[in-house]
Structures are given as C-alpha cells and as structure tokens.
Amino acid sequence: CFLVHYRALIFPLLIREGKPTPFFTFVLALLFCVYNGYLQGRSLSNYAKYPSGWLKDPCFITGFIGWLMGMAINIHSDHILRNLRKPGETGYKIPRGGMFEYVSGANFFGEILEWFGFALACCTTESLAFALCTLFILGSRAKQHHQ
C-alpha cells in the first residue's frame, strides 16, 4: 500500500502547469517522505509481528478497504480539481461532484482516510503516527481551503 501510493507515483505525472513549489518546501517534503518511508518500511519488515491468518483478519480487511476507498476518493477528487479550469483560465472555482458534494476538501479527506486505513491494516505505532500527522497537516490545509 505504501509503495504504490497515488501521490508518490501517479499524481506528479498528471498535474498541469501551476504555481511553482518553493525549493525549501520541496526539500522539507522530500525529507519527510524519506524519513517516513524508512520508518514505515523498518517497522513493517523488522518489528511488526502478525499471526499467520492476518490477511484474513477483519482488522486488516477493514483497513485495506479503507485504504482503497481513500485512494479512490483521492484520485477522483484530484481529477475533478485538475479539470476545473480550461487551459489559460485563472481564478477560483468551487469543485462539484464526487465527495465534493459532502466535504469541501474531498482530496484531503481521501488522503486522510487512506492513511487511517493503512494504519488499521498495519496496526503499528508508526503507521498510526503517520495517519495522525496526515490528519493534522491536511486537516489544517482543508480548513484553510474551506475558508
């Protein structure tokens, strides 16, 4: 789940021209992703202990379904956002459709759901810490976008 994450592999290939990302923000995001990837990989490969039937456990299944649903919401919401404006058009537009009918930051909601599903499927302290960081960071961004 962690390695095939949409934002890391697919999203960068789909985005159009936009505002440039400041170099310092890029470096901080890169450092966070490298450190978080190391923590997740290390905890899952070296420390997490699962019973032989873990992949059939309701906790894992529920978490995996939550991760899949969150990723689907995230992908669909980003598709809506990418197609809000025609080429060359500027200005703010309110997104419609999909989960945007229920929450103003559907892309953020999808990502938060995705990582809480991951945390439930993994049942590690590190995956829960990542889900909480995602909630706090994207939750504040969602509030800002809503305003």
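All values below were derived from every heavy atom in this structure, side-chain atoms included, with hydrogens, water molecules and symmetry-related copies excluded. Along the sequence shown, residues are numbered consecutively beginning with 1.
Put simply, the side chain of Tyr50 never gets that close to the backbone of Cys123: no donor and acceptor are under 3.5 Å apart. Judged purely by atom type and a 3.5 angstrom limit, Asn74 has no side-chain atom pairing as donor or acceptor with the backbone of Gly70. Using modelled atom types, no side-chain atom of Gln144 and backbone atom of Ser140 make a donor-acceptor pair closer than 3.5 Å.
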Q | side-chain contact (heavy atoms from CB on, under 4.5 Å) between Arg82 and Asp78, worked out | A | CA-CA 6 Å; Arg82 276 193 314 278; Asp78 280 344; 3.6 Å; yes
Q | Derivation and outcome, side-chain contact (heavy atoms from CB on, under 4.5 Å), residues Arg96 and Glu101 | A | CA-CA 6 Å; Arg96 299 277 185 232; Glu101 298 301 318; 3.7 Å; yes
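Looking at heavy atoms from C-beta onward, Phe116 lies in side-chain contact with Leu128 at the 4.5 angstrom threshold. Taking 4.5 Å as the limit, some side-chain heavy atom of Phe100 sits within range of a side-chain heavy atom of Leu81. A heavy-atom distance below 4.5 Å is not found between the side chains of Thr124 and Tyr47.
Heavy atoms only, all atoms of each residue included: Lys49 and Asn46 are closest at NZ-O, 4.2 Å. The two residues Trp54 and Cys59 have their closest heavy-atom pair at CH2-CB, 4.0 Å.
The CD1 atom of Ile112 lies 10.0 Å from the CD1 atom of Ile137; values are rounded to the nearest 0.5 Å. A distance of 5.0 Å separates CD1 in Ile73 from CE in Met99, rounded to the nearest 0.5 Å. Interatomic distance, CG of Leu135 versus CZ of Phe130, reported as 12.0 Å (0.5 Å rounding). Leu31 CG to Asn36 CG: the interatomic distance, rounded to the nearest 0.5 Å, is 12.0 Å. The CD atom of Gln40 lies 6.5 Å from the CG atom of Leu44; values are rounded to the nearest 0.5 Å.
Ring pair His145/Phe108 is perpendicular by interplanar angle, where above 60° counts as perpendicular and below 30° as parallel.
Side chains of Asn107 and Glu111: no donor on one and acceptor on the other come within 3.5 Å.
Not less than 6.0 angstrom separates the ring centroid of Trp67 from the ring centroid of Phe118.
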